[in-house]
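Numbering of residues begins at 1 and proceeds along the displayed sequence.
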Amino acid sequence: MRIIAGSARGTRLGPVPAGTRPLSDRAREGLFSHLGATVAGARCLDLFGGTGAVGIEALSRGAETCVFVEKSPRAVRTIRDNLSKTGLSERSEVVRRDVGRYLEGDRDDRFDIVFADPPYRLGAAALRRIVAKAAERVESSGIMVLTRPAADDADVIPVHWALTKLLAYGDTHVLVCREGA
């Protein structure tokens, strides 16, 4: 895995921790090509951070800040190592916590872009709760990006949100959503 573009372009990221399913380079490239200039200056939230590749790609492309939320100690170390390797640590925060607990916590930060790449095995009810809570953290003109298995047909997008773009990469779908679009 590598960073596709921006200030950290070409940087090879550290090994993928066991139990982590990172978004492929090809899928990240397509996603960020679609997001374009929206990323520059954005405040981002990377839920289920894994390797940190998505949030780091955003930072490399000019995002102002990114908060990474991940509960696995090994993945948290990988995110921190990758941020150090790319020189993007100072514009980021890594939170070791369960995503659901983070979203239900006392912080009320708002973000321009929320990336959520939950485990594919996460049940529909739990996923709906997490997506609904994540949607509350998105600025009114912001974007939520949700990664799902292509075979998954569970309706998890909040009712007042709309799918604005569906990107398909093998067995992965990347859903780009906006409130009231």
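For Arg28 and Glu57, the salt-bridge test passes: some basic side-chain N is under 4.0 Å from an acidic carboxylate O.
Clustering ILVMFWY residues whenever any of their side-chain heavy atoms sit less than 4.5 angstrom apart, transitively, puts Val69 in a cluster other than the one holding Val76. Linking ILVMFWY residues whenever their side-chain heavy atoms come closer than 4.5 Å, directly or via other members, places Leu13 and Phe68 in the same cluster. Val145 and Phe48 are members of different hydrophobic clusters when ILVMFWY side chains are connected at heavy-atom separations under 4.5 Å. Note: the hydrophobic cluster containing Val39 also contains Leu31 (ILVMFWY, side chain heavy atoms under 4.5 Å, direct or indirect links). Leu167 and Met144 are members of different hydrophobic clusters when ILVMFWY side chains are connected at heavy-atom separations under 4.5 Å.
Here the side chain of Asn82 pairs no donor or acceptor atom with the backbone of Gly52 at under 3.5 angstrom. Side-chain atoms of Thr11 never come within 3.5 Å of backbone atoms of Thr86 as a donor-acceptor pair (strictly under, hydrogens ignored). A donor-acceptor distance shorter than 3.5 angstrom exists from the side chain of Asp46 to the backbone of Gly55, with no hydrogens or angles considered. Listed for the Glu70 side chain is a donor-acceptor partner under 3.5 Å among the backbone atoms of Gly50. Listed for the Arg91 side chain is no donor-acceptor partner under 3.5 Å among the backbone atoms of Cys66.
Every side-chain hydrogen bond (donor to acceptor under 3.5 Å, both in side chains) that Thr172 has, sequence neighbours left out, goes to Tyr120. Remark: Glu104 engages no residue in a side-chain hydrogen bond (donor to acceptor under 3.5 Å, both in side chains) (not counting sequence neighbours). Qualifying side-chain hydrogen bond (donor to acceptor under 3.5 Å, both in side chains) partners for Glu93, counting only residues two or more places apart in sequence or in other chains: Arg107.
Ile157 is listed as a side-chain neighbour of Leu163, based on a closest heavy-atom distance under 4.5 Å. Side-chain contact between Pro73 and Arg96 is present, with at least one heavy-atom pair separated by less than 4.5 Å. Counting heavy atoms from C-beta outward, Trp161 and Val138 have side chains that approach closer than 4.5 Å.
Distance OG1/Thr164 to CG/Leu175: 9.0 Å, rounded to 0.5 Å. Summarising the geometry, atom OG1 belonging to Thr38 is positioned 4.5 Å from atom CD1 belonging to Ile143; distances are rounded to the nearest 0.5 Å. Distance check: Glu64 CD to Cys44 SG gives 9.5 Å after rounding to the nearest 0.5 Å. Expressed to the nearest 0.5 Å, how far CZ of Arg61 lies from CD1 of Ile4 amounts to 7.0 Å. Atom CD1 of Ile3 and atom CG of Leu88 lie 8.0 Å apart (nearest 0.5 Å). Rounding to the nearest 0.5 Å places CG of Leu122 at 8.5 Å from CZ of Arg129.
More than 12 heavy-atom neighbours from other residues, nucleotides or ligands sit within 6.0 angstrom of CZ on Arg43. The local environment of NZ in Lys71 is sparse, with at most 12 non-hydrogen atoms from other residues, nucleotides or ligands closer than 6.0 Å. For Arg9, the CZ atom is loosely surrounded, since the number of other residues' heavy atoms within 6.0 Å does not exceed 12.
Nearest heavy-atom pair across Val114 and Ala134 is CG1-CB, 4.2 Å. Here the closest non-hydrogen pair linking Asp117 and Leu23 is OD2-N, 4.0 Å. The shortest non-hydrogen separation linking Ala53 to Met1 is CB-CE, 3.2 Å. Residues Phe111 and Val67 come closest through the heavy atom pair CE2-CG2, 3.9 Å. Of all the heavy atoms in Pro118 and Leu127, the pair that sits closest is CG-CD1, 3.5 Å. When all heavy atoms are compared, the tightest approach of Tyr169 to Gly30 is OH-CA, 3.1 Å.
For the pair Arg137 and Tyr102, the cation-pi criterion (under 6.0 Å, within 45° of the ring axis) is fulfilled.
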(message) Let's go through Leu83 and Ile56 carefully: what are the C-alpha distance in whole Å and the side-chain angles of both, what is the deciding distance for side chain to side chain contact (heavy atoms under 4.5 Å, CB included) to 0.1 Å, and is it a yes or a no?
(response) CA-CA 7 Å; Leu83 284 163; Ile56 292 170; 3.7 Å; yes

